2 protein chains.
Amino acid sequence: MRPNKRDELVSKALNVFYRSGFHATGMDTLVKETGISKTSIYKHFRTKDDLIIAVLRLRDENFRSWLFSRMAALSDAPAGQLLAMFTALGEWFGKPEFAGCMFIKASAEFQNRAHPVYQQSTEHKQMLLEHFTGLAKAAGASDPAGLARQLLTLKEGAIVLAAMSVTPDPAGDARYTARMLLQPYLAGG
Amino acid sequence: MRPNKRDELVSKALNVFYRSGFHATGMDTLVKETGISKTSIYKHFRTKDDLIIAVLRLRDENFRSWLFSRMAALSDAPAGQLLAMFTALGEWFGKPEFAGCMFIKASAEFQNRAHPVYQQSTEHKQMLLEHFTGLAKAAGASDPAGLARQLLTLKEGAIVLAAMSVTPDPAGDARYTARMLLQPYLAGG
DNA sequence: CCTCAAGTGTACCGTTCGGTACATATTGGC
DNA sequence: GCCAATATGTACCGAACGGTACACTTGAGG
């Protein structure tokens with residue numbers, strides 16, 4: 001059995017970074033929290049930044065596949081899926097491990113636009129946008145790209161308010177607005 | 001003349017933290033960028049965190065007064081002011097020094113809910129929410145608090161997308177959605 | 001059984017971290 | 001002109017930073 005120490009490291013590092021932040025988490029902390037020796041870490045990744053990039057790549061895969069499959073599970077129709085996104089978000093916000101969007105936080109800590117961490121963060125949002133645009137097109141929206149951008153805006157806003165504990169039900173509020181946008185395309189409102 | 005070194009420090013430190021982040025900015029960097037000696041800094045603030053808190057307090061005052069006065073300048077009617085917020089945001093996004101919302105970034109770096117930086121960040125959003133609620137009430141909205149929450153969601157989402165360079169005109173997109181929400185309360189569309 | 005890749009623990013590197021000590025300017029009010 | 005208050009530069013503290021060196025252990029495959 002080769003449990004692939006590298007994947008184990010990335011997956012465990014993800015949790016630590018997600019909970020404690022990137023700059024605030026030192027390599028020694030990472031060693032202690034993951035139980036993997038520093039020697040091994042640096043055998044797999046040249047620098048801390050490289051590890052962070054691998055972490056974000058994993059997060060991107062995990063989050064997108066979770067969100068999209070959850071949306072698909074909640075509705076068959078494209079417009080219904082878009083609305084269901086906010087139901088899925090509400091489920092996420094309710095989980096005890098919820099701590100905001102990892103990519104918003106990553107881009108907040110690495111603001112330099114030339115930095116790969118920043119770039120990967122915006123690419124993640126870009127990919128969400130494309131998926132939403134596809135669904136909006138399938139739903140017969142008159143301006144699919146525009147509708148997708150508006151829904152993405154609602155999603156990001158809801159995540160921020162949830163992470164900052166500003167309002168009690170950010171997903172519900174966003175869903176309410178989303179319903180207004182989607183009403184023309186929802187079958188049997 | 002007593003130019004109040006403390007205020008000068010806080011105002012200059014604000015710019016450095018805003019551009020480079022909190023954890024990523026060391027005290028030595030702060031000394032170099034502000035031109036104020038470390039001895040003086042620690043005569044005014046016991047710890048780095050205390051300085052950050054003062055910075056956020058200043059930012060809160062500056063941003064709120066800027067946004068509210070800009071909204072008021074753009075429209076007399078309450079509903080018009082709420083819509084004008086997104087015009088004001090667009091102006092902000094266009095400024096070269098724009099680098100996202102300082103409070104979103106602060107709460108991303110200080111995730112511990114007991115930490116004063118986190119608390120102050122949510123309080124800032126809370127105060128925005130109250131202002132919006134007041135305007136929504138004045139506009140005659142049927143659910144002022146709900147409308148305020150939805151508009152705040154749009155605002156935060158737009159800021160995130162602007163800071164991450166995901167879409168070309170986040171303020172315009174958010175404004176479009178906001179108009180739908182506000183339409184019943186806007187005089188003469 | 002031996003090999004060899006992969007992982008470990010520990011000690012260490014130079015640098016930077018947040019923060020302090022202290023002796024020296026600078027400066028407005030009396 | 002003198003006194004405080006407030007600034008400064010510099011040297012320093014112990015701890016933590018990202019990263020490396022090296023000798024050692026583990027374990028599956030030929």
Side-chain angles (χ1 to χ4, degrees), chain A residues 1-57 105-106 108-112 114-118 120, chain B residues 1-57 105-106 108-112 114-118 120:
Chain A
M1 272 298 148
R2 293 265 237 73
N4 206 340
K5 213 83 179 171
R6 193 196 128 111
D7 292 354
E8 181 193 346
L9 164 62
V10 174
S11 142
K12 286 185 175 175
L14 193 155
N15 293 316
V16 182
F17 282 135
Y18 184 54
R19 270 183 283 125
S20 309
F22 298 97
H23 286 122
T25 302
M27 294 308 288
D28 292 311
T29 305
L30 226 44
V31 168
K32 187 174 293 181
E33 297 274 329
T34 63
I36 293 171
S37 69
K38 202 188 275 196
T39 317
S40 279
I41 296 180
Y42 278 96
K43 202 146 281 174
H44 286 298
F45 300 99
R46 278 175 46 260
T47 65
K48 183 189 182 183
D49 280 15
D50 281 7
L51 171 59
I52 293 176
I53 290 167
V55 162
L56 289 182
R57 223 183 301 272
K105 299 197 284 189
E109 290 205 46
F110 300 85
Q111 304 194 54
N112 181 354
H115 199 291
V117 166
Y118 177 91
Q120 204 168 328
Chain B
M1 273 295 147
R2 294 263 239 77
N4 205 340
K5 215 82 179 172
R6 192 197 129 113
D7 291 355
E8 183 193 346
L9 164 63
V10 174
S11 142
K12 287 185 175 175
L14 193 156
N15 293 316
V16 183
F17 282 136
Y18 184 54
R19 270 183 283 126
S20 309
F22 298 97
H23 286 122
T25 302
M27 295 308 288
D28 293 312
T29 304
L30 226 44
V31 168
K32 187 174 294 180
E33 298 273 330
T34 64
I36 293 170
S37 70
K38 202 188 275 195
T39 317
S40 279
I41 297 180
Y42 279 97
K43 204 145 281 177
H44 287 298
F45 299 98
R46 278 177 45 261
T47 64
K48 183 188 182 184
D49 280 15
D50 281 6
L51 172 58
I52 293 177
I53 290 167
V55 163
L56 289 181
R57 223 183 298 271
K105 299 197 283 188
E109 290 206 48
F110 300 84
Q111 303 194 52
N112 181 354
H115 198 290
V117 166
Y118 177 91
Q120 204 168 326

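It should be emphasised that the depicted structure is a prediction, and the values quoted were computed from it without experimental measurement. Scope of the values below: all heavy atoms of this structure, side chains included, with no hydrogens, waters or symmetry mates. First the proteins, then the strands, lettered A, B, ... as listed; each starts at 1.
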Do the side chains of [Y] and [X] get nearer than 4.5 Å, heavy atoms only?
X        : Y       : answer
B:Asp28  : B:Lys32 : no
B:Lys48  : B:Ile41 : no
B:Leu56  : B:Phe17 : no
A:His115 : A:Asp49 : yes
A:Phe45  : A:Val10 : yes

Going by side-chain hydrogen bond (donor to acceptor under 3.5 Å, both in side chains), name the residues that satisfy it together with [X], two or more places apart in sequence or in a different chain.
X        : result
B:His44  : none
B:Ser40  : B:Ser37
A:Gln111 : B:Lys105

Rounding to an integer number of Å, can you tell me how far [X] [atom1] sits from [N] [atom2]?
X       : N      : atom1 : atom2 : result
A:Tyr42 : C:dG9  : OH    : C1'   : 16 Å
A:Glu8  : C:dA6  : CD    : C1'   : 13 Å
B:Leu30 : C:dT16 : CG    : C1'   : 15 Å
A:Asp28 : C:dG9  : CG    : C1'   : 13 Å

Residues touching DNA chain C, which here means a heavy atom under 4.0 Å, drawn from residues 32-41 of chain A: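 Listed by number, they are A:Gly35, A:Ile36, A:Ser37, A:Thr39, A:Ser40.
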Close residues, residues 18-27 of chain B, relative to DNA chain C [heavy-atom separation under 4.0 Å]: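 Those residues whose heavy atoms fall under 4.0 Å from DNA chain C, taken from residues 18-27 of chain B in numerical order, are B:Thr25, B:Gly26, B:Met27.
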Strand contacts (DNA chain D) in residues 43-52 of chain A, 4.0 angstrom heavy-atom criterion: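 Those residues are A:Thr47, A:Lys48.
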From NZ (B:Lys5) to NZ (B:Lys43), nearest 0.5 Å: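 So the gap between those two atoms works out to 13.5 Å.
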Parallel, tilted or perpendicular: ring planes of A:Phe110 versus A:Phe22, cut at 30 and 60 degrees: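 A:Phe110 vs A:Phe22 ring planes: perpendicular.
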